[in-house]
Structures are given as structure tokens and as C-alpha cells.
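Comments concern the structure below.
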Amino acid sequence: MNELLQQLDATLAARRAADPADSYVASLHHKGLNKILEKVGEEATEVILAAKDAAAGGDGERDALVGEVADLWFHCMVMLSHLDLDSDAVLECLRQRFGLSGLAEKAARGGAQSDNG
Ligand SMILES: N=c1c2ncn([C@@H]3O[C@H](COP(=O)(O)OP(=O)(O)OP(=O)(O)O)[C@@H](O)[C@H]3O)c2ncn1[C@@H]1O[C@H](COP(=O)(O)O)[C@@H](O)[C@H]1O
């Protein structure tokens with residue numbers, strides 16, 4: 001669906017058979033799902049901290065936030081690849097949701113009573 005994401009997905013899939021000594025992605029696949037999830041968690045925390053800094057800071061902090069989001073997206077893509085999924089599946093999910101109000105969707109599944117979930 002998105003050319004860059006598709007190219008990156010292809011690289012991530014190819015790295016599953018690569019030597020961990022030669023490739024960061026191969027080293028993550030080699031270490032396994034728990035290591036990959038640890039990285040996703042770390043990167044998510046870094047995004048939160050960077051967003052706080054960006055809200056209070058200037059262009060440097062905003063650029064740093066973009067870099068942290070890229071790290072998070074990348075590690076989520078490695079996680080999907082490790083589980084035989086790819087970004088196309090996520091983009092298709094977003095495409096199906098596009099234009100459907102989150103409030104309307106929540107009401108349709110009977111979840112409109114609470115603000116917490
Ligand atoms: N987009 C990325 C990308 N974004 C971030 N990173 C790496 O992700 C790591 C995360 O940052 P950290 O500060 O947590 O790294 P770290 O401290 O070395 O990690 P740990 O030792 O704590 O696990 C860094 O080493 C980054 O270089 C990426 N590594 C690879 N890619 C893409 O994946 C492709 C394949 O990479 P290789 O498999 O390394 O060839 C590359 O060509 C790129 O397109």
C-alpha cells in the first residue's frame with residue numbers, strides 16, 4: 001500500500017534468514033519475541049518522554065520526537081514481521097476505519113457509556 005513501508009517489510013522479512021552479526025534486524029529476530037517486545041516498550045516510553053519535551057520545547061525537540069516515533073514504528077514493524085504479519089495488514093485496518101468516527105464506532109459496539117475505555 002505504501003511503497004517505503006513495503007520495501008522495509010521486504011527487508012525485515014529477508015533479515016530473518018540473515019546473520020545476526022551482520023544485521024541489527026537479524027539480531028532482533030535471533031534474540032526472539034521477548035527482546036523485540038522489550039524494544040517496542042522502550043521505544044514507546046521514549047516517544048512519551050520526547051512528546052512531553054516537544055510540547056515544552058522548540059524545533060530540536062520536535063525533530064527528536066519524529067525520530068523517536070520512527071524508532072517505535074520500525075520496532076513495531078520488526079514485531080509484526082517476527083509474527084508473519086506486515087504493515088499492509090495495519091494499513092488495510094486503518095483504511096477500513098477511515099472516515100468512521102471513533103465515537104460512532106464505540107457507540108456501535110455499546111461502549112459509549114464510559115470515557116475510560
Ligand atoms: N529503520 C531502521 C532503524 N531505525 C532504528 N534502527 C536501529 O534501532 C536501534 C534502536 O536504538 P537503541 O538506541 O535502542 O539501540 P541500541 O542501544 O543499540 O539497542 P539495544 O542494544 O539496547 O538493543 C538502533 O541501533 C538503530 O540504528 C534501525 N535499524 C534498521 N532500520 C532499517 O532496517 C534495515 C535493515 O537494518 P539491518 O538489519 O541492521 O541491516 C535498514 O536498512 C533500515 O532501513
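Ligands are counted one by one from 1 in listed order, and the atoms in each one are counted from 1 as well. This is a predicted model, so every value here is computed, not measured.
Panel note: side chain Gln7, backbone Leu4; no donor-acceptor pair is recorded below 3.5 Å. Judged purely by atom type and a 3.5 angstrom limit, Arg16 uses its side chain to pair as donor or acceptor with the backbone of Ser81. The closest donor-acceptor contact from the side chain of Ser23 to the backbone of Asp19 lies at 3.5 Å or more, if one exists at all.
Contact annotation: the side chain of Glu68 approaches that of Glu43 to within less than 4.5 Å [non-hydrogen atoms, C-beta and beyond]. Side-chain contact between Leu5 and Met77: present, with at least one pair of heavy atoms (C-beta onward) separated by less than 4.5 Å. Within the 4.5 Å cutoff, no side-chain heavy atoms of Ile36 are placed close to those of His75. Considering only heavy atoms from C-beta on, Val40 stays 4.5 Å or farther from Phe74 through its side chain. Contact check for Asp53 versus Leu65: no side-chain heavy atoms found under the 4.5 Å cut-off.
The shortest contact between atom 40 (O) of ligand 1 and any protein heavy atom is with Arg15 NH2, 2.9 Å. Atom 34 (C) of ligand 1 has as its closest protein heavy atom Thr11 CG2, 3.9 Å. Nearest non-hydrogen protein atom to atom 36 (O) of ligand 1 is Val25 CG2, 3.7 Å. For atom 39 (O) of ligand 1, the closest heavy atom belonging to the protein is Tyr24 N, 2.9 Å. Among protein heavy atoms, atom 11 (O) of ligand 1 sits closest to Glu43 OE2, 4.0 Å. The single protein non-hydrogen atom nearest to atom 38 (O) of ligand 1 is Ser23 OG, 2.5 Å, given as residue, atom name and distance. For atom 33 (O) of ligand 1, the closest heavy atom belonging to the protein is Phe74 CE1, 3.5 Å.
When only interatomic distances are considered, the shortest N/O to N/O separation between Asp22 and ligand 1 does not fall below 3.5 Å.
Screening Asp9, Asp86, Val90 for a side chain to side chain contact (heavy atoms under 4.5 Å, CB included) involving Leu80 leaves a single residue, Val90.
Against a heavy-atom cut-off of under 4.0 Å, Lys35 is close to the following atoms of ligand 1: 23 (O). Close approach to Leu8 involves these atoms of ligand 1, each under 4.0 Å from a residue heavy atom: 32 (C), 33 (O), 44 (O). Atoms of ligand 1 found under 4.0 Å from any heavy atom of Asp71 (numbered from 1 in listed order, with element): 4 (N), 5 (C).
Protein heavy atoms are absent from the 4.0 Å sphere centred on atom 17 (O) of ligand 1. Within a 4.0 Å radius of atom 4 (N) of ligand 1, the protein has at least one heavy atom. Counting only heavy atoms, the protein never gets under 4.0 Å from atom 26 (C) of ligand 1. For atom 21 (O) of ligand 1, the protein comes within 4.0 Å by no heavy atom at all.
Nearest-heavy-atom check against atom 12 (P) of ligand 1 across Glu68, Glu42, Lys39 picks out Lys39.
The aromatic rings of His29 and His82 sit parallel to each other, their planes meeting at less than 30°, with 60° as the upper class boundary.
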